Undergrad: 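Below is one structure. I have some questions about it.
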Amino acid sequence: MIEIVSHCFGQSYASLLVYHLSSLVLHKSQPVTMTVISITGDSDVECVLDYFHKIRLPWITWNFISMSADLVYQRPIGRNIAAKASKADVIWFTDCDYVFGNDSLDALCQFPDDNG
C-alpha cells in the first residue's frame with residue numbers, strides 16, 4: 001500500500017490542494033492513504049479537507065493531521081510523525097502543488113521490492 005504525505009497551509013495553497021486531492025479522486029488506483037498535514041485553525045485548508053473527507057472511495061483512505069504552525073513549517077517534523085505512524089509499504093512525500101496522473105500510483109506499485 002502507498003501513503004502520500006503532503007503539507008498544505010494558507011489560502012493560496014488551499015486552491016492547489018483542491019487539484020492535488022481531485023487528481024486522486026478522478027483516477028482510480030491501487031489503495032492509497034492520503035495524509036495531509038495542515039495548520040490548526042487554517043480555515044481555508046480546513047474547508048477543502050472537510051469537502052474531501054466526505055468523498056468515500058474504496059481506493060482512498062483520508063488521513064488529515066492538524067498541527068501547530070511551528071511544526072508544519074518544519075516539514076521534516078510532520079513527515080517524521082506521519083512516517084512513524086504509517087503502515088504503508090511506500091511513503092511518497094510531496095506538497096499540495098503536485099497532481100497525480102492516470103496510472104501514476106499503479107505504476108509505482110509495479111516497482112520490484114528488494115526481494116526481486
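Computed from a prediction, not measured in an experiment: that's the story for all the values here. The first residue of the sequence shown is numbered 1, and numbering continues consecutively from there.
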Undergrad: Say you draw a straight line from OH of Y19 to CG of L26; how long is it, rounded to the nearest 0.5 Å?
TA: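 Rounded to the nearest 0.5 Å, the OH-CG separation comes to 11.5 Å.
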
Undergrad: Between the main-chain N or O of I55 and the side-chain N or O of W62, is there a donor-acceptor pair closer than 3.5 Å?
TA: yes

Undergrad: Specify the closest pair of heavy atoms between S23 and F100, including all atoms of both residues, with the distance to one decimal.
TA: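 Closest approach of S23 to F100: OG-N, 2.9 Å.
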
Undergrad: Any chance you could pull the hydrophobic cluster mates of I77, using side-chain heavy atoms under 4.5 angstrom and chaining through other members?
TA: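 V5, F9, I37, I39, I65, M67, L71, V72, Y73, I81, I91, F93, listed by chain and number.
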
Undergrad: According to a hydrophobic-cluster definition based on side-chain heavy atoms being under 4.5 Å apart (Ile, Leu, Val, Met, Phe, Trp, Tyr only), do V18 and L16 belong together?
TA: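 No, V18 and L16 fall in different hydrophobic clusters.
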
Undergrad: Ignoring hydrogens, what is the shortest heavy-atom contact between L24 and W59? Give both atom names and the distance.
TA: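 Closest pair (atom of L24, atom of W59, distance): O-NE1, 3.2 Å.
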
Undergrad: Can you tell me how far CG of D42 sits from SG of C47, rounded to the nearest 0.5 angstrom?
TA: 10.5 Å

Undergrad: Taking the side chain as every heavy atom from C-beta outward, state whether T61 and M1 have any pair of such atoms under 4.5 Å apart.
TA: no

Undergrad: Check for a donor-acceptor pair, side chain of W92 on one end and backbone N or O of I2 on the other, with a separation under 3.5 Å.
TA: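 No.
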
Undergrad: Please identify each residue that fulfils ring-ring contact (aromatic ring centres under 6.0 Å, His included) with H7, with sequence neighbours left out.
TA: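 In terms of ring-ring contact (aromatic ring centres under 6.0 Å, His included), with neighbours along the sequence ignored, H7 is linked to no residue.
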
Undergrad: Of the non-hydrogen atoms in V36 and M34, which two are nearest, and what is the gap between them?
TA: CG2-CE, 3.8 Å

Undergrad: Determine whether H53 and D50 satisfy the following criterion, side chain to side chain contact (heavy atoms under 4.5 Å, CB included), listing intermediate values before the conclusion.
TA: CA-CA 5 Å; H53 188 263; D50 286 344; 5.6 Å; no

Undergrad: Might you point out which heavy atoms bring K87 and E3 nearest each other, and give the distance in Å?
TA: N-OE1, 4.5 Å

Undergrad: Of all heavy-atom pairs between H20 and C96, which one has the smallest distance, and what is that distance?
TA: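 Shortest heavy-atom contact: CB-O, 3.3 Å.
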
Undergrad: Determine yes or no for a side-chain-to-main-chain donor-acceptor pair under 3.5 angstrom, with S38 supplying the side chain and C8 the backbone.
TA: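 Looks like no, no N/O pair under 3.5 Å.
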
Undergrad: Going hydrophobic residue to hydrophobic residue with side-chain gaps under 4.5 angstrom, can you get from L57 over to V32?
TA: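 Looking at the clustering, V32 is in the same group as L57.
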
Undergrad: With a 4.5 Å limit on heavy-atom distance, are the side chains of L17 and L49 in contact?
TA: yes

Undergrad: Please round to the nearest 0.5 Å and tell me the distance separating atom CG of D44 and atom OG of S12.
TA: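 OG of S12 is found 9.0 Å from CG of D44.
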
Undergrad: So with a 6.0 Å cut-off around OH of Y13, is the heavy-atom count from everything else above 12?
TA: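 12 or below, so no.
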
Undergrad: Can you name the nearest heavy-atom pair linking E46 to T40, along with the distance?
TA: OE2-C, 4.1 Å

